[in-house]
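Both counts, for ligands and for their atoms, begin at 1 and track the order of listing.
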Amino acid sequence: MKNLRLKNSDKKYWPGKIICVGKNYADHVKEMGGEVLKYPVVFLKPASNLIFNDKKIVHPSHSKEMHHEVELVLLIGRDVKDADDKSAEEAIAGYTVGLDMTLRDIQWECKEKGQPWTLAKCFDTAAVVSNIVMKEDYQLKGTEKIELSVNKELRQNASLDQMLFNSVEIVKYLSSKMTLEEGDLVFTGTPAGVGKVVPGDLIEVKIENIGEFEIEVINN
Ligand code: MG
């Protein structure tokens, strides 16, 4: 993995930990058959899973059901612990659009057995990010549209104001549990419409004013 890619900035950020929030859109919680919680669900991916959007997503042979999850991704620009509203906002250096690729069959198996989701969420190419828009260039409104299509068919279509926990609330919560460090990425959860992709599929994602890209799924 190389430095993260930024729009209009020469700053260097080496990707640290990737923290992902689950169950952050009520309609997605519903489609997964879960319940809305009073706190974000949190899991990790290693930085070695991360690719940029000019690569391809490799479908692991140990899963029969890989799903797409389009998400707003935050770049943490400074170390922060026990953030309040102000320091949480200040810790966010920029935003991008990303994909939290998920092996749904393995996730159901893990849930059934009461095991961690690790193997459902962690595999090579499981986290995709695009170039990061720095906050100096764009202030997030929190109402931007977020969408995903597969082979030109629209599957996920929502607005960031449907997030149960917004960016600042997520950073506050996470930093109350562990230090967030410069270069960490935070995936903020996906709206409803998640679904299966297979090798040969073309995924297109977009967050209004933040970024867009297309990426292909290929065989292992
Ligand atoms: Mg997700």
So which N/O/S atom does Asp100 have closest to the Mg ion (ligand 1)? OD2
Can a salt bridge be assigned to the pair Lys23 and Glu35 using a cut-off of 4.0 Å between side-chain N and carboxylate O? no
Which atom name would you report as the N, O or S atom of Glu69 nearest the Mg ion (ligand 1)? OE1
Rounded distance (nearest 0.5 Å) linking atom CG of Asp27 with atom OG1 of Thr190: 9.5 Å
Identity of the N, O or S atom of Glu71 lying closest to the Mg ion (ligand 1): OE2
NZ of Lys206: more than 12 outside heavy atoms within 6.0 angstrom? no
When rounded to the nearest 0.5 Å, the distance separating CG of Leu160 from CD of Glu208 is 8.5 Å
